[in-house]
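The block underneath contains the structure these notes are about, expressed in structure tokens.
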Amino acid sequence: QVQLVESGGGLVQPGGSLRLSCAASGTIFSINTMGWYRQAPGKERELVGTVTSEGSPDYADSVKGRFTISRDNAKNTVALQMNSLKPEDTAVYYCNANIQERTWRRRDYWGQGTQVIVSS
């Protein structure tokens with residue numbers, strides 16, 4: 001079994017920063033694309049950013065220039081550095097990873113989510 005666990009969420013004032021981390025554990029052969037998604041109350045889950053196994057990132061327009069996604073392949077982790085946070089960034093943030101847990105099986109996995117609240 002593979003498990004993704006997020007951490008680092010919390011309450012922060014507008015303009016502040018938070019760093020989210022996600023660690024994958026279990027039977028992992030390799031991890032392909034990893035990413036962060038978020039879901040605000042009453043809204044659909046949306047993509048925040050992704051990063052390939054080679055380290056190439058991609059971001060939603062709403063977070064470009066403010067968020068940075070990175071990964072450590074040796075530790076099977078992905079992080080989301082969030083700067084200049086805005087109230088509209090308030091959401092539950094979910095870690096996602098496409099994992100080849102066996103030589104013959106590759107699946108998407110999701111973390112349990114971590115709450116980020118941006119409010120003064």
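- Checked against Leu18 for a side chain to side chain contact (heavy atoms under 4.5 Å, CB included), the options Leu80, Val12, Val118 give a single hit: Val12.
- Rounding to the nearest 0.5 Å gives a distance of 8.5 Å between CZ of Arg105 and OG1 of Thr27.
- Remark: side-chain polar atoms of Glu46 are not paired, donor with acceptor, to backbone N or O of Tyr37 under 3.5 angstrom.
- In this structure, the side-chain contact (heavy atoms from CB on, under 4.5 Å) partners of Ser53, at least two apart in sequence or on a different chain, are Arg71.
- In this structure, OG1 in Thr77 is found 4.5 Å from CG in Asp72, a value given to the nearest 0.5 Å.
- At most 12 heavy atoms of other shown residues, nucleotides or ligands fall within 6.0 angstrom of atom CD in Gln1.
- With no hydrogens or angles considered, a side-chain donor-acceptor pair links Arg106 and Asn98 at under 3.5 Å.
- Between Trp110 and Tyr94, the two ring planes are perpendicular [angle over 60°; tilted spans 30° to 60°].
- Side chain of Thr33 to backbone of Thr52: no donor-acceptor contact under 3.5 angstrom is found.
- Side chain of Arg66 to backbone of Ser84: a donor-acceptor contact under 3.5 angstrom is found.
- Gln39 places no side-chain N or O within donor-acceptor distance of the main-chain N or O of Val92, the cut-off being under 3.5 Å.
- Judged by distance alone, with hydrogens and angles left aside, the side-chain atoms of Gln3 form no donor-acceptor pair with the main-chain N or O of Ser25 at under 3.5 Å.
- A salt bridge is defined here as a Lys NZ or Arg NE, NH1 or NH2 lying under 4.0 Å from an Asp or Glu carboxylate O, and Lys86 with Asp89 fails to meet this definition.
- Checked options Leu47, Thr68, Val48, Thr50; the residue passing with Tyr59 is Thr68 (criterion: side chain to side chain contact (heavy atoms under 4.5 Å, CB included)).
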